[in-house]
Number of protein chains: 2
Amino acid sequence: MEKFKDWLTEANLKKTKHRLLVLDILYETNDFLSADDLFLKAKHKDANISLSTIYRILDNFVEKNIVSTINMENTKQVYYELAHQEHSHHLICLNCNKVIHLKGCPIKAYEETVSSKYRFNIERHTLDFYGYCEKCQNKKSSKV
Amino acid sequence: MEKFKDWLTEANLKKTKHRLLVLDILYETNDFLSADDLFLKAKHKDANISLSTIYRILDNFVEKNIVSTINMENTKQVYYELAHQEHSHHLICLNCNKVIHLKGCPIKAYEETVSSKYRFNIERHTLDFYGYCEKCQNKKSSKV
DNA sequence: TTTTTAAATGCTATCCATTTGCATTTAGAC
DNA sequence: GTCTAAATGCAAATGGATAGCATTTAAAAA
């Protein structure tokens, strides 16, 4: 995708095939992926890329705000997705790890209140809801 | 502390000196501690306890809701504290990792809205604000 | 286009928080 | 006190992530 090259230019990163590959996979998957997920998907595309390169690329992207991360509660891995332009919150399924993005932010006012109350200079916040998605509510016991 | 023994009884866990020690340290520290922090503090008290025991005790406590965990963004370690009775949110300093607990929850209504909108069965949520505490705003560059 | 060079990559070894296996000890029921 | 399951210590293993270093490559300079 042509816009990916623009992103890399803007971020002052060289336009390498590996970086474009990582962007492609994240874009078409449109979901959170671990470094290892990306590694396997790359392999599946017959791409030759080492896991450490993936980690390095992801670090670059996070630093440049091209990619954002999330913590699933039940695993130690870090998950990555293309950064959303807009600030968003999440519904995270404790069974299948599916993530639903919520638009809009209900706590702007609250943030200002606590910021001044505690003289705390707030840079960002996370608001994540954990529970069970519609599918997993039905087939309760099946682990994915 | 006597009430700690009650907690263990309620949780159906044996009242061992190690478990009481971990509770003591968490109580008097009144802050988030990593497993290793606990290990060092125990050593400092001349207590003989192995790191793996600490991990096992913390796992027990988390399972029984005696202890709760938090993710600091800038480290891979898990941090633990005595569980607060009341649901609370956090202000987390990106410089010194200090955590301020916020009482009350501003998003009950929002939670219900998204829960029914997405037919998502929400079990719990996290709301954490990251930024710089009053102290660290002043002495900007000093890492703790 | 060719040359040049700093950035990017592959491979391997390493780190480090956490977990596990197993023999030993201990809390607490009897 | 005796007994047994639970708890513990120690050492090794695990697993995600990182670092070192030689090689390759993007892209600026000539």
Side-chain angles (χ1 to χ4, degrees), chain A residues 2 4-25 32-43 45-64 66-67 69-80 97, chain B residues 2 4-25 32-43 45-64 66-67 69-80 97:
Chain A
E2 206 52 35
F4 294 158
K5 294 192 180 176
D6 297 343
W7 294 3
L8 294 175
T9 306
E10 273 176 48
N12 207 20
L13 294 171
K14 286 185 181 174
K15 295 176 262 312
T16 69
K17 63 178 178 203
H18 290 148
R19 285 189 177 135
L20 293 169
L21 173 67
V22 168
L23 289 174
D24 269 340
I25 295 175
F32 282 95
L33 295 174
S34 68
D36 205 60
D37 291 338
L38 275 160
F39 183 57
L40 294 176
K41 280 181 187 288
K43 224 174 211 160
K45 281 179 176 255
D46 287 320
N48 216 47
I49 181 170
S50 88
L51 188 54
S52 51
T53 298
I54 288 178
Y55 277 109
R56 280 186 285 227
I57 288 175
L58 288 170
D59 285 348
N60 292 157
F61 286 178
V62 167
E63 194 186 344
K64 302 290 188 177
I66 293 171
V67 155
T69 63
I70 199 174
N71 284 308
M72 305 291 182
E73 279 201 340
N74 44 358
T75 159
K76 274 179 294 182
Q77 290 174 93
V78 177
Y79 285 80
Y80 303 83
N97 282 335
Chain B
E2 206 52 34
F4 295 158
K5 293 191 180 175
D6 298 342
W7 293 2
L8 293 176
T9 305
E10 273 175 49
N12 208 20
L13 294 171
K14 286 187 182 174
K15 295 176 263 310
T16 68
K17 64 179 177 202
H18 290 149
R19 284 186 178 139
L20 292 169
L21 173 67
V22 168
L23 289 174
D24 269 338
I25 295 175
F32 283 97
L33 295 174
S34 68
D36 205 60
D37 291 338
L38 275 160
F39 183 58
L40 294 176
K41 279 181 188 288
K43 224 174 212 164
K45 282 180 177 252
D46 287 320
N48 217 47
I49 181 171
S50 88
L51 188 54
S52 52
T53 298
I54 287 178
Y55 276 108
R56 280 187 282 227
I57 288 175
L58 288 171
D59 285 348
N60 292 157
F61 286 179
V62 167
E63 193 185 343
K64 302 290 188 176
I66 294 170
V67 154
T69 61
I70 198 175
N71 284 308
M72 306 291 181
E73 281 201 340
N74 43 0
T75 160
K76 275 178 292 184
Q77 291 173 91
V78 177
Y79 284 80
Y80 303 82
N97 281 336

NA contact type, B/Ser34, heavy-atom cut-off 4.0 Å: base, sugar-phosphate, or nothing? nothing
Between which nucleotides of DNA chain C, 5' to 3', does chain A make heavy-atom contacts below 4.0 Å? C/dA6 to C/dC11
Taking the side chain as everything from C-beta on, heavy atoms only, tell me whether B/Phe4 gets closer than 4.5 Å to B/Lys15. no
Hey, does B/Asp36 reach any base, or is it just sugar-phosphate, or nothing, if we go heavy atoms under 4.0 Å? nothing
Base, sugar-phosphate alone, or nothing: which one does A/Asp59 contact when heavy atoms must sit under 4.0 Å apart? sugar-phosphate
Close side-chain approach of A/Arg19 to A/Phe61, heavy-atom, < 4.5 Å: yes
Using a cut-off of less than 4.0 Å, is there contact between a side-chain N or O of A/Tyr55 and OP1 or OP2 of D/dA17? yes
Which is true for A/Arg19 with a 4.0 Å heavy-atom rule: it touches a base, it touches only sugar-phosphate, or it touches nothing? sugar-phosphate
Pairwise side-chain contact, B/Asn60 with B/Val67, heavy-atom cut-off 4.5 Å (strictly under): no
Could you tell me if the side chain of B/Leu38 sits less than 4.5 Å from the side chain of B/Leu58, heavy atoms only? yes
Expressed in angstrom and rounded to an integer, what is the separation of B/Ile49 atom CD1 from D/dC10 atom P? 11 Å
Side chains of B/Asp37 and B/Tyr79 in contact at under 4.5 Å (non-hydrogen atoms): yes
Sugar-phosphate atoms are those with a prime plus P, OP1 and OP2; base atoms are the rest. Using that split, label each nucleotide of nucleotides 25-30 of chain D B, S or - for protein heavy atoms under 4.0 Å, 5' to 3'. -BS---
Taking the side chain as C-beta and beyond, is there a heavy-atom pair between A/Lys14 and A/Leu8 under 4.5 Å? no
